[in-house]
Amino acid sequence: MADPKGFMTTPRQDWPRRPVEERVRDWDEVYVPGALLPIISKQADRCMDCGVPFCHHACPLGNLIPEWNDLVSREDWRAASDRLHATNNFPEFTGRLCPAPCEAGCVLAINQPAVTIKNVECAIADRAWEEGFTPPRPPDRLSGRTVAVIGSGPTGLAAAQQLTRAGHTVAVYERDDRPGGLMRYGIPAFKMEKRHLERRLEQMRAEGTKFRTSTAVGRDVRADELRTRYDAVVVATGATAWRELPVPGRELAGIHQAMEYLPPANRVGEGDLERSPLSAAGRHVVIVGGGDTGADCLGTAVREGAASVTQLDIYGLPGAERDEDTEPWPTYPKIYRLSAAHEEARDLGTAPSANADARLFAASTLRFTGDADGRVRALHLVEVDALRRPLPGTERTLPAELVLLALGFTGPDRHDGLIDQLGLAMDPRGTIARDAGFATNVPGVFAAGDAARGQSLIVWAIAEGRAVAAAVDRHLTGGTRLHAPIGPYDRPMTA
């Protein structure tokens with residue numbers, strides 16, 4: 001503890017965001033460049049170095065949070081980087097994209113605002129790159145064993161990096177033209193600029209990891225053939241089978257899944273397209289779904305110049321404080337949070353028919369109606385109670401020329417044939433079945449990430465990648481020294 005009284009004398013201060021009017025005119029990250037480092041040492045001083053640091057347990061990676069908080073407060077950035085990278089391959093990703101369950105588990109959060117753990121993590125990662133603390137770490141010798149990793153999202157990348165550093169020859173197969181998975185084409189650049197991803201990919205290439213892009217396993221190359229070519233296969237394709245909304249009018253033109261809408265917008269930023277074919281410019285947009293993907297659609301539509309944007313959340317308006325009876329500390333509480341996108345919608349008044357931040361809570365979609373050309377023109381909704389039962393007399397209509405469905409994902413997509421060609425067993429949830437060692441029913445084939453766990457957070461995805469890498473290394477060599485932070489059946493803390 002650099003300052004034993006820091007948590008009493010220093011108030012919480014978050015990384016400031018750029019003015020709304022400025023940031024909605026570009027796709028750069030929403031935060032003020034360079035504004036984090038001047039405040040972060042004092043923020044790290046707020047860490048109490050608890051005897052039992054629940055932030056450790058709240059984070060599936062087991063990040064050594066009090067240790068690197070203390071090092072940052074002393075401005076020992078190299079040591080802080082070493083401790084951070086000991087448990088997390090990609091802290092600049094989690095420092096920007098993770099909803100920070102560690103902060104919900106911070107002991108200080110019992111009666112004060114939590115330590116800004118996420119901001120400290122991001123500051124360490126960025127400083128490490130600036131100071132050259134993260135050089136490539138190729139293995140001293142090769143094992144002679146080969147591994148195919150299918151999918152280049154955070155799980156696949158973490159598994160590949162760990163296995164490469166352990167001395168195995170690893171090839172990552174990605175169906176898109178660039179690696180990165182949802183971080184590439186699902187996450188908007190205003191949440192994480194792609195340069196952070198590119199930097200890590202170059203590090204991995206320098207360490208020896210190979211990338212095979214524009215290759216859909218099951219379609220461009222048979223999955224069973226891949227199995228015979230490699231000593232082990234890791235399936236980390238994510239949960240890309242999206243949930244549908246089976247209501248009247250769903251067939252109308254102009255109604256799209258969020259993951260049909262976000263990738264073209266990201267491709268504009270990559271320079272592949274001049275304009276997205278699904279651009280929200282000048283259109284009345286309604287987003288169905290209240291989660292992070294819906295917020296990504298909201299921020300994207302605002303930047304594209306939508307005439308209006310409204311987001312529907314079937315859950316009721318959450319409170320500003322934790323409900324200690326149903327969601328006691330240190331669980332992750334469902335409270336009212338104002339993301340950057342919602343702040344933009346609030347300040348710009350994008351949804352005059354909704355609440356201040358563009359969200360309509362406790363709202364359920366009844367049907368869509370369209371024009372003579374078969375294009376959607378309106379969304380009809382009704383308010384619901386806590387059990388999602390319609391409330392009589394609350395029906396209303398919203399103008400809708402572009403509807404985006406952000407209802408989450410159920411499991412891996414089976415259309416490419418990968419699962420059937422390998423003969424993988426599935427569990428009742430629609431995800432890939434595996435045992436306590438991440439192994440599937442097919443010898444030498446392992447499953448990790450959302451494809452087996454189900455839709456989850458980026459921090460869980462990286463933890464899965466590290467854990468499955470340890471399992472594969474043990475399978476190939478009889479033992480492992482790789483860090484395995486979680487087991488396949490571990491779940492977030494709940495009351």
Side-chain angles (χ1 to χ4, degrees), residues 1 4-14 43-69 87-88 94-95 97-121 289-292 294-295 313-339 342 355 357 359 361-362 384-389 408 429 450 453-464 467 485-495:
M1 277 179 90
K5 297 182 179 179
F7 68 96
M8 295 187 291
T9 60
T10 304
R12 177 179 171 117
Q13 185 178 1
D14 290 286
Q43 291 304 302
D45 273 342
R46 298 182 70 238
C47 179
M48 298 186 292
D49 193 17
C50 311
V52 181
F54 276 82
C55 56
H56 279 192
H57 191 66
C59 174
L61 283 167
N63 281 333
L64 306 172
I65 295 165
E67 293 186 31
W68 41 257
N69 272 331
T87 57
N88 189 349
T94 51
L97 303 177
C98 181
C102 54
E103 294 187 16
C106 174
V107 172
L108 187 57
I110 294 174
N111 62 355
Q112 290 189 47
V115 175
T116 56
I117 298 171
K118 179 177 172 179
N119 283 179
V120 176
E121 178 181 36
D292 287 342
D313 191 334
I314 199 167
Y315 294 101
L317 175 66
E321 301 292 336
R322 178 196 296 270
D323 186 332
E324 293 293 347
D325 293 329
T326 60
E327 298 173 314
W329 176 89
T331 62
Y332 189 77
K334 184 175 177 59
I335 60 175
Y336 178 79
R337 294 179 173 87
L338 191 70
S339 72
H342 293 118
N355 297 330
D357 61 7
R359 282 178 283 192
F361 291 95
V384 294
D385 62 16
L387 298 177
R388 302 188 182 182
R389 295 174 301 197
R429 300 176 304 141
D450 290 4
R453 172 172 292 274
Q455 182 180 346
S456 189
L457 306 176
I458 185 172
V459 68
W460 281 91
I462 296 173
E464 286 257 339
I486 60 171
Y489 309 131
D490 290 337
R491 292 294 182 268
M493 289 186 293
T494 58

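Across all their heavy atoms, Ile65 and His56 have their closest contact at N-NE2, 3.6 Å. The minimum heavy-atom distance between Thr331 and Ala495, with the atom names listed, is CG2-N, 3.7 Å. Here the closest heavy-atom approach between residue Ala463 and residue Ile486 is recorded as CB-CD1, 3.8 Å. Across all non-hydrogen atoms, the minimal contact from Pro485 to Ala467 is CD-N, 4.0 Å. Of all non-hydrogen atoms in Trp329 and Cys106, the two that sit nearest each other are NE1-O, 2.9 Å.
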Quiz: residues 57-64 side-chain donor-acceptor pairs under 3.5 angstrom, not counting sequence neighbours:
{"unit_1": "Asn63", "atom_1": "OD1", "unit_2": "Thr87", "atom_2": "OG1", "d": "2.5"}

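Using a 4.5 Å heavy-atom cutoff, the side chains of Pro492 and Ser456 are not in contact. Between Ile117 and Trp68, some side-chain heavy-atom pair lies under the 4.5 Å cut-off.
No cation-pi contact links Arg12 to Phe7, judged by a cut-off of 6.0 Å to the six-membered ring centre and 45° from its axis.
Applying the side-chain contact (heavy atoms from CB on, under 4.5 Å) test to Leu338 and every residue at least two apart in sequence or in another chain returns Tyr336, His342, Glu343, Arg346, Asp357, Arg359.
Arg322 places no side-chain N or O within 3.5 Å of a backbone atom of Ile110 that could act as its donor or acceptor partner. Under a 3.5 Å cut-off, the side chain of Asp323 and the backbone N or O of Glu327 do not form any donor-acceptor pair. Checked by atom type and distance alone, the side chain of Gln43 pairs as donor or acceptor with a backbone atom of Pro11 at under 3.5 Å. In this structure, the side chain of Lys118 does not engage the main chain of Glu103 through any donor-acceptor pair within 3.5 Å.
Of the inter-residue distances, the one linking Gln13 atom CD with Asn119 atom CG reads 9.5 Å to the nearest 0.5 angstrom. Atoms CZ and CZ, on Arg491 and Arg453 in that order, are 4.5 Å from each other to the nearest 0.5 Å. Going from atom CG of Leu317 over to atom CD1 of Ile335 covers 12.0 Å, rounded to the nearest 0.5 Å. Taken from CD1 in Ile462 to SG in Cys98, the straight-line distance is 8.5 Å, to the nearest 0.5 Å.
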